[in-house]
> 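Below is one structure. I have some questions about it.
Both ligands and their constituent atoms are indexed starting at 1 by order of listing. Here, residue 1 is the first one in the sequence, and each next residue gets the next number.
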Amino acid sequence: MKAVLDDPTIISLAAGFTANEILPLAPVQSIVNTIIDQPARGQNALQYGSTIGRNRLRQSILTRISEQDQLTLGPNGWDESQVAVTTGSQELLYLLGEILLDPDDYVLLELPTYFVFMGILHGLGAKGHSIPTSPDGLDIDALDRTLKVMEERGTLERLKFFYLVSYHQNPTGYTLPFENKRAVHERMDRVSQKLGRPVFIIEDAAYRDLGFHGDAPRSLLSIDQGKDLVVYTSTFCKPFSSGLKLGYGILPRLLADHLLRQKGNLDFGSSNFTQAIIEEALENGAYQEQAQVCSRRYQEKMEIMAEALQQQLPSDVSWQKPGGGLYIWATLPSHIPTSMNSPFFDACLRRKVLYVPGDLCCFPDEDNPSIPHSSIRLSFGAASPEQITEGIARLGQAYQDISSASRSASMIPGTF
Ligand SMILES: Cc1ncc(COP(=O)(O)O)c(C=O)c1O
């Protein structure tokens, strides 16, 4: 496997990397010059900052999200003390796990979900239940059943949060409909009242600014007024520059204090220079422009991948075009497993193409056996158009390899 990964001829449709060819070189160069050309400003940017992050940046973030979500600001609504800037949204997700979870605590997750977050949960000894999601949204009946079972078993008391990737999800590309958000909020509010403490909803909006059609539903913050249950996390990495590695959260006040104490212990603040760049990019419009550049480019690449899938894979492989983000989720017939030790994965390695197996995107949950053993996540972010077309052709060849191997095996008496 290691030898294959080191092979430069391998095509990776696995990594969730951003596209090199559209990274914002000119805007960042001009912003850096603007900052450095003014000594006081340059010195400020090159000095330590604060744990919570730069004030103007946090104000811009709050203004932007409050406009998108029609949030009330001020004493009866949100203010900048609830906005924290972090080293990518990954740091924020890690800190949230750390302050909210003790070993054997429970979380709710989508099935499938962002697999790197599961690493955090495993590390903290958390348990979880997965709620199936589909292009139509989350299975709210399954959520109700899960909550009921947890109550009967006495584990509801250990439920700490529901983690949702609500826009152009990693790994499926699905966007959670607004009615689903209402339903989830209503359930978590009810459980919170029953337990006498908040059961939070972490809404990971990492791909919100990478929509192809500009019609995304409002976030859960828009439902949360006065309840303080929603933690909104997002990132500047995907729609601007992953190398700047900056994310942010909008948090309930109670949680913001805990989180910042922990972040202070960890790094007493994310890179101040990087923040100064994003702060200027938000103020001069470079961020908004770049997010559009990214969305257009990813839409083009998604169309190329969709066209290749249409041509190279048989009709028993199901998938659909996402409305944004970086991923297509494809499901093969159930007799073709896709896990890392499957014949299909091996065939893909031989054909030199990589994908993320669907079963890696599922939190182990003995109550929910519907792990997507035959699904794969394909990323169209980093690969060039030529690599995408060639990579999907190789995937199609690997599929043929497996189909003909199982056909010949079935013709030998005594084998399956
Ligand atoms: C759903 C989701 N959340 C969070 C992250 C972390 O992003 P970053 O730390 O680069 O902001 C990723 C990265 O791929 C992601 O897919």
> Please could you name the atoms of ligand 1 that Lys238 approaches to less than 4.0 Å, counting only its heavy atoms?
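This gives 13 (C), 14 (O) as the contact atoms.
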> Looking only at distances, can you tell me whether any N or O atom of Asp204, backbone or side chain, sits closer than 3.5 Å to an N or O atom of ligand 1?
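Asp204 vs ligand 1: N/O contact under 3.5 Å present.
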> Check each atom of ligand 1 against the heavy atoms of Thr235 and keep those under 4.0 Å away; list them by number with element.
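Close to Thr235: 8 (P), 11 (O).
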> Report the part of Ser89 (side chain from C-beta onward, or backbone N, CA, C, O) that has a heavy atom under 4.0 Å from ligand 1; answer both or neither where that applies.
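Looking at Ser89 and ligand 1, atoms from backbone and side chain both fall under 4.0 Å.
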> Could you tell me whether the side chains of Asp204 and Tyr163 share a donor-acceptor contact shorter than 3.5 Å?
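Side chains of Asp204 and Tyr163: pair found under 3.5 Å.
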> Using a strict cut-off of less than 4.0 Å between a Lys/Arg side-chain nitrogen and an Asp/Glu carboxylate oxygen, indicate whether Arg64 and Asp209 qualify as a salt bridge.
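A salt bridge links Arg64 with Asp209.
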> Provide the number and element of each atom of ligand 1 under 4.0 Å from a heavy atom of Tyr207.
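Taking each heavy atom of Tyr207 in turn, ligand 1 has 1 (C), 14 (O), 15 (C), 16 (O) under 4.0 Å.
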> If you count the atoms of ligand 1 from 1 in the order shown, which ones are under 4.0 Å from a heavy atom of Val165?
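Selected atoms, number and element: 1 (C).
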> Does the side chain of Arg41 come under 3.5 Å of the side chain of Asn44 through a donor N or O and an acceptor N or O?
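Note: Arg41 and Asn44 side chains miss the donor-acceptor criterion.
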> Between Lys263 and Asp267 (salt bridge meaning N to carboxylate O under 4.0 Å), is one present in this structure?
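Looking at Lys263 and Asp267, the cut-off is met.
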> Quick check on side-chain hydrogen bond (donor to acceptor under 3.5 Å, both in side chains): which of Glu91, Glu98, Gln90 does Tyr94 satisfy it with?
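With Tyr94 as partner, side-chain hydrogen bond (donor to acceptor under 3.5 Å, both in side chains) holds for just one option, Glu98.
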> Counting heavy atoms only, name the option from Phe115, Phe17, Tyr114 that's nearest to atom 5 (C) of ligand 1.
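Nearest option to atom 5 (C) of ligand 1, by heavy atoms: Tyr114.
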> Under the rule for side-chain hydrogen bond (donor to acceptor under 3.5 Å, both in side chains), what residues qualify as partners of Glu186, not counting sequence neighbours?
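Expected list: Arg190.
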> Out of Glu91, Gln169, Lys245, Gln90, who gets a non-hydrogen atom closest to atom 10 (O) of ligand 1?
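The nearest heavy atom belongs to Lys245.
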